[in-house]
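Contents: one structure, followed by commentary.
Note that this is a predicted model, so its numbers are computed, not measured.
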Amino acid sequence: MNDIHATELRATDIHTHKVLARGIDNLLARQHDDGHWYEGPHTNVSAESADIITRHCLGVADTTVLERTARRVRRGQRDDGSWPMFPGGPGHLSVTAEAYVALRLSGDRTDEPHLRAAAEFCRRHGGLDAARTETHFWLALLGIRGWDRVPPVLPEQILLPAGVPVAVRSLGVWSRHLLTPLSVIAARRPVRPAGFDLPELRDPASPAEAARPGAAERVMGAYHRHPLRPLRNRALARAELWLLRHQQANGSWFHVFLFSALGTLALKALGHTAESNAYRAALTALDGFGETVETPDGVERRIVPCPGAVWDTAYSLLALADAGVEPTHPAVGRARAWLVATQSASGGDWQRDRPEVPPGGWPFSPGLNAFPDVDDTAVAVTALTRLRAAHEEPPPAEAEAVEAEAVERGRGWLVGLQSRGGGWAAYESGDLSRLTELSQRLPYNDHGPMLDVPVADVTGHVLEALGPGASAAAGARWLLAQQEPDGSWFGRWGVNHVYGTGSAVPGLVAAGVDPGDPRVRRAVDWLLEHQNADGGWGEDCRSYEDRAHRGRGPSTPSQTAWALLALHAAGVGADDERVRAAFAWLGESQRPDGSWHEEVFTATGQPGEIYFSYPAIVQAMPVIALGRYLAPREPAEPAEPTGRPETRVAAERGNDRGAE
């Protein structure tokens, strides 16, 4: 290596260490006093629209809340009159129609320019008849569309045993939380008139009648119109019991806004009033999903769709661990204690086909103890394991014993939830989700995949948590069989093939697959082929529906970090020019306070239907990627902040070390 080139590499190395140090300092500044990290995720305005519609239907609309929420909706409208499903995406008919309805309920007039533009967009794209099922439910609740035009959801489905395709028990946990309240609402058919009709949203060229339903929908619809009354009453009673048993301590269902809105509407349809403790708690929970935001145009209220402090904390702690922060650092100690305390010790739905597996998982959100998930558990176990392995001196005996037990329970829970095929699903084993093709033909399936089946990204994270062993070997075989012909992996819970590949490769290598394995090299080739000219990686949400968008999109901090994680695991070193280009992009996109920002959505709720942005994860992922590359050579030593100030001590130390 000539002297000039060596000097250039050294300068790049110093700069990258500064970027990492600033990223660590930023994470420490964002930590809450009790040790956790949390920033509310973002989604499209369908959440705010649903909040406005729900409050109208419940009769609990508040003028101040209404106007602040409506202001949030208005600000999201684009120049063509539409609202997109995700930033940078095309206008979306259903999101636009729901926003239009919400603004009408807020008092906006049809002759105002923004609503005229929205109505024109809806007409150009098929009108209300082309909207998704969820939109039709809102319209039926408001008396704008008859309940007969809504695809049937039968409460009797809750009575069927697991394994029957239309049984609620055969579906994923999120589908059960969606369909159970929907079935109650559909059976009771409540109406809270909006006070207006929507002729301006109907496309005159579209047929007056809905498209002919499929066979399953025709059979279900016929029964829905003439149910067996004793069976219907029994099903509604079972559904009500399910809702009451699955309501969380904070009054929500699954700590998810949409499920909680529907659950509250279902209780009201069943006759619950303010005298009901469950109903009052549900109303309180709905208020809790609102978050006020100061903007130049005034105070807005946005809806946090799915709070996930455990997810944010596990990844932030993993970032500090991978970045080389000492395990005995006070901030790390607080985070470890907080994370261990949130581990679930209770049973849950996952025991339906794994009754012999003791509790030990972590939930997405604190308190969601009956629904731990595999992904959160895998990341928590990985973070705690790496910190325990890095101890230079043992921690206090009691804390050591508690944490060691928590990690072992977590690992045991992960092994116990492995599917018979070798992979891992999100919340359960996935073995009860049978007859996949028939289940996917259900009339309300436009809300996204309804089954909890093993997926590549979750499996990759579990393999990284477990390391070599019999379970990991079976998981690696399953994961390798899921590789796409182009060398990538599909990402179920993140966008999309960059996420799937960034999750799969580190997991495979941790499980013992040689980094030189041809299948790993194909994944590396795919990533390098899709690196952007600016050095980063990005992928548009449209990749779930259009192959042309796979691995293509503006560079983002999260997706660049995911790609780097795979390259690092595959042995592509820090001196590789493609890796250095990625380092440079992360440095250029970092803000002066050490943070990163993503305008686009890179997390997936339901492919093709719901996407999110997790601000806390955006901060953690680049630190994880840079830490894995740099920490073994130059461990960072950030200072312990007082409270949550934006200190620069860690950055200064990183600068000094880089210059040595």
Side-chain angles (χ1 to χ4, degrees), residues 9-30 37 314-326 329 331-332 379 382-383 386-387 390 464 498-499 502-503 505-506 527 531-532 534-538 555-598 602 616-638 648-659:
L9 288 180
R10 189 61 174 165
T12 301
D13 206 39
I14 293 171
H15 174 69
T16 305
H17 278 285
K18 292 179 181 179
V19 173
L20 174 59
R22 286 195 295 268
I24 296 169
D25 215 23
N26 169 61
L27 278 178
L28 292 175
R30 290 171 180 264
W37 282 264
Y315 261 117
S316 298
L317 184 59
L318 178 60
L320 297 183
D322 281 341
V325 177
E326 287 297 328
H329 188 285
V332 174
V379 179
T382 300
R386 289 188 180 166
L387 286 164
E464 196 169 2
V498 173
Y499 180 70
S503 305
V505 173
L527 285 170
Q531 187 175 20
N532 288 331
D534 61 13
W537 277 265
S555 296
T556 69
S558 294
Q559 290 163 325
T560 300
W562 295 334
L564 283 173
L565 292 179
L567 296 180
H568 176 265
V572 181
D575 57 347
D576 186 282
E577 62 182 8
R578 279 79 54 94
V579 171
R580 290 191 171 273
F583 288 172
W585 185 86
L586 286 174
E588 292 162 4
S589 61
Q590 188 180 40
R591 293 173 165 182
D593 66 354
S595 67
W596 285 271
H597 175 70
E598 285 182 358
T602 57
I617 304 303
V618 174
Q619 313 311 318
M621 293 311 307
V623 174
I624 294 173
L626 293 174
R628 291 190 186 183
Y629 267 105
L630 304 178
R633 297 183 299 168
E634 303 284 353
E637 296 177 357
R648 294 274 66 82
V649 178
E652 293 167 1
R653 291 185 177 179
N655 296 353
D656 294 341
R657 287 179 177 276

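Rounding to the nearest 0.5 angstrom, the gap separating the CG atom in Asp322 from the CE atom in Met621 is 9.0 Å. A distance of 9.5 Å separates CD1 of Ile24 from NE2 of His329, quoted to the nearest 0.5 Å. For the atom pair NE2 (His568) and CG (Leu626), the distance works out to 11.0 Å, reported to the nearest 0.5 Å. Rounded to the nearest 0.5 angstrom, Ser316 OG and Ile617 CD1 are separated by 6.0 Å. The structure places CG of Asp593 at 8.0 Å from CD of Gln619, a figure rounded to the nearest 0.5 Å. Annotation: the span from Leu586 atom CG to Ser555 atom OG amounts to 9.0 Å, rounded to 0.5 Å.
The minimum heavy-atom distance between Ala620 and Ala319, with the atom names listed, is O-CB, 3.7 Å. Contact detail for Leu320 and Trp37: the closest heavy-atom pair is CD1-CH2, 3.8 Å. Counting all heavy atoms, side chain and backbone alike, Ala314 lies closest to Ala383 at O-CB, 3.9 Å. Of all the heavy atoms in Glu464 and Pro506, the pair that sits closest is OE1-CB, 3.9 Å. Residues Gly502 and Leu565 come closest through the heavy atom pair O-CB, 4.2 Å. The two residues Ala331 and Leu28 come nearest to each other via the heavy atoms CB-CD2, 3.5 Å.
Ion pairing of Asp575 with Arg580 is absent here, as no side-chain N (NZ or NE/NH1/NH2) approaches a carboxylate O to less than 4.0 Å. Between Arg578 and Asp576, at least one side-chain nitrogen of the basic residue sits less than 4.0 Å from a carboxylate oxygen of the acidic one, meeting the salt-bridge criterion.
You'll find the side chain of Val623 reaches within 4.5 Å of the side chain of Leu20, heavy atoms only. Counting heavy atoms from C-beta on, the side chains of Leu318 and Arg386 come closer than 4.5 Å. Two residues are said to be in side-chain contact when any heavy atoms from C-beta on lie closer than 4.5 Å; Leu564 and Val572 fail this criterion. Side chains of Val332 and Glu326 form no contact here, defined as non-hydrogen atoms less than 4.5 Å apart. The closest side-chain heavy-atom distance from Tyr629 to Thr16 is not below 4.5 Å.
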Practice task
Under the side chain to side chain donor-acceptor pair (under 3.5 Å) rule, what do Ser595 and Asn26 come out as? Steps first, then yes or no, please.
Solution key: CA-CA 6 Å; Ser595 67; Asn26 169 61; 4.7 Å; no
Problem - Worked check of side chain to side chain contact (heavy atoms under 4.5 Å, CB included) between Leu630 and His17 - result: CA-CA 7 Å; Leu630 304 178; His17 278 285; 3.7 Å; yes
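Using modelled atom types, no side-chain atom of Trp596 and backbone atom of Pro622 make a donor-acceptor pair closer than 3.5 Å. A donor-acceptor contact shorter than 3.5 Å is absent between the side chain of Thr560 and the backbone of Pro557. At distances below 3.5 Å, at least one donor-acceptor pair connects side-chain atoms of Trp537 with backbone N or O atoms of Leu527. With Gln590 contributing its side chain and Val19 its backbone, the two residues share a donor-acceptor pair below 3.5 Å.
With sequence neighbours excluded, the residues that form a side chain to side chain donor-acceptor pair (under 3.5 Å) with Thr602 are Glu598.
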